[in-house]
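First comes the structure, then the notes that go with it.
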Amino acid sequence: MKITENFEYPLMPEWSTAEIIIASEFYEAVEKVYTSGIARDEFLAKYDRFLKMEPAIMAQKQLDRDFKQASGLSLYQAIKYVKESNKKYIKYS
């Protein structure tokens, strides 16, 4: 998997500053799944905050497409990988 360097996170224009921070923290957690690794509980907590902030599935799918296009990483695949794992520390392999 080719990871793009120096890319911008996809953001929705209607998000507040607090919502942008929640989304950015989640995107960073996704990056960690693919690169350095992250504690499963930490990832799931950030994902839960993201879901509460952006509950619309259509918007989530659009953000996944935009994130994958910008970075080469999939939000959906990272979430699926973490949910299916029982490990305390997760790194996509």
Side-chain angles (χ1 to χ4, degrees):
M1 173 176 302
K2 173 96 171 87
I3 300 173
T4 306
E5 293 183 30
N6 300 325
F7 62 93
E8 293 183 17
Y9 292 149
L11 305 173
M12 302 296 257
E14 64 272 13
W15 286 350
S16 68
T17 302
E19 291 170 327
I20 289 171
I21 291 169
I22 289 169
S24 296
E25 288 176 348
F26 172 61
Y27 294 150
E28 184 180 315
V30 170
E31 283 186 72
K32 286 181 179 178
V33 168
Y34 287 101
T35 57
S36 60
I38 187 169
R40 185 175 188 270
D41 290 345
E42 179 184 350
F43 179 90
L44 292 174
K46 289 181 182 198
Y47 176 55
D48 187 53
R49 287 184 69 205
F50 177 76
L51 282 181
K52 288 177 182 166
M53 185 270 303
E54 185 54 74
I57 292 180
M58 194 166 122
Q60 292 172 22
K61 287 182 178 184
Q62 180 62 49
L63 292 167
D64 181 40
R65 279 191 298 271
D66 293 348
F67 189 81
K68 190 170 186 174
Q69 184 176 14
S71 68
L73 307 175
S74 169
L75 301 176
Y76 173 76
Q77 291 299 325
I79 294 161
K80 182 179 171 189
Y81 186 77
V82 171
K83 283 184 170 183
E84 291 175 353
S85 176
N86 293 331
K87 296 178 184 175
K88 290 186 181 218
Y89 196 80
I90 308 289
K91 185 169 187 277
Y92 196 90
S93 48

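Along the sequence shown, the residues carry numbers beginning at 1.
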Heavy atoms, side chains only, cut-off 4.5 Å: are Tyr27 and Leu63 in contact? yes
Results of side chain to side chain contact (heavy atoms under 4.5 Å, CB included) for Ser93 - residues two or more places apart only: Tyr81
With sequence neighbours excluded, tell me which residues meet side chain to side chain contact (heavy atoms under 4.5 Å, CB included) with Glu19. Trp15, Ser16, Met53
Residues two or more places apart in sequence or in another chain: which of them pass ring-ring contact (aromatic ring centres under 6.0 Å, His included) with Phe43? Phe26
Would you indicate whether Gln69, at its atom CD, is surrounded by more than 12 heavy atoms from other residues, nucleotides or ligands within a distance under 6.0 Å? no
Within a 6.0 Å radius of atom CD on Glu14, are there more than 12 heavy atoms belonging to other residues, nucleotides or ligands? yes
Should [X] and [Y] be regarded as members of a common hydrophobic cluster, given that ILVMFWY residues are connected when their side-chain heavy atoms come within less than 4.5 Å of each other, either directly or indirectly?
X	Y	answer
Ile90	Leu44	yes
Ile21	Phe50	no
Tyr76	Phe67	no

Show me the pairs that pass salt bridge (charged side-chain N to carboxylate O under 4.0 Å, His left out) and involve residues 78-93, at least two apart or across chains. none
Residues 34-55 vs salt bridge (charged side-chain N to carboxylate O under 4.0 Å, His left out), sequence neighbours excluded, gives Glu25-Arg49, Glu42-Lys46, Asp48-Lys52
Between Asp64 and Gln60, is there a side-chain donor-acceptor contact under 3.5 Å, judged purely by atom types and distance? no
State whether the side chain of [X] and the backbone N or O of [Y] hold a donor-acceptor pair below 3.5 Å, judged by distance alone.
X	Y	answer
Tyr92	Val30	no
Tyr89	Gly37	yes
Tyr34	Ser74	yes

Tell me every residue that passes side-chain hydrogen bond (donor to acceptor under 3.5 Å, both in side chains) with Tyr9, counting only those two or more places apart in sequence or in another chain. Glu31
CE (Met12) and CG (Asp66) are apart, to the nearest 0.5 Å, by 8.5 Å
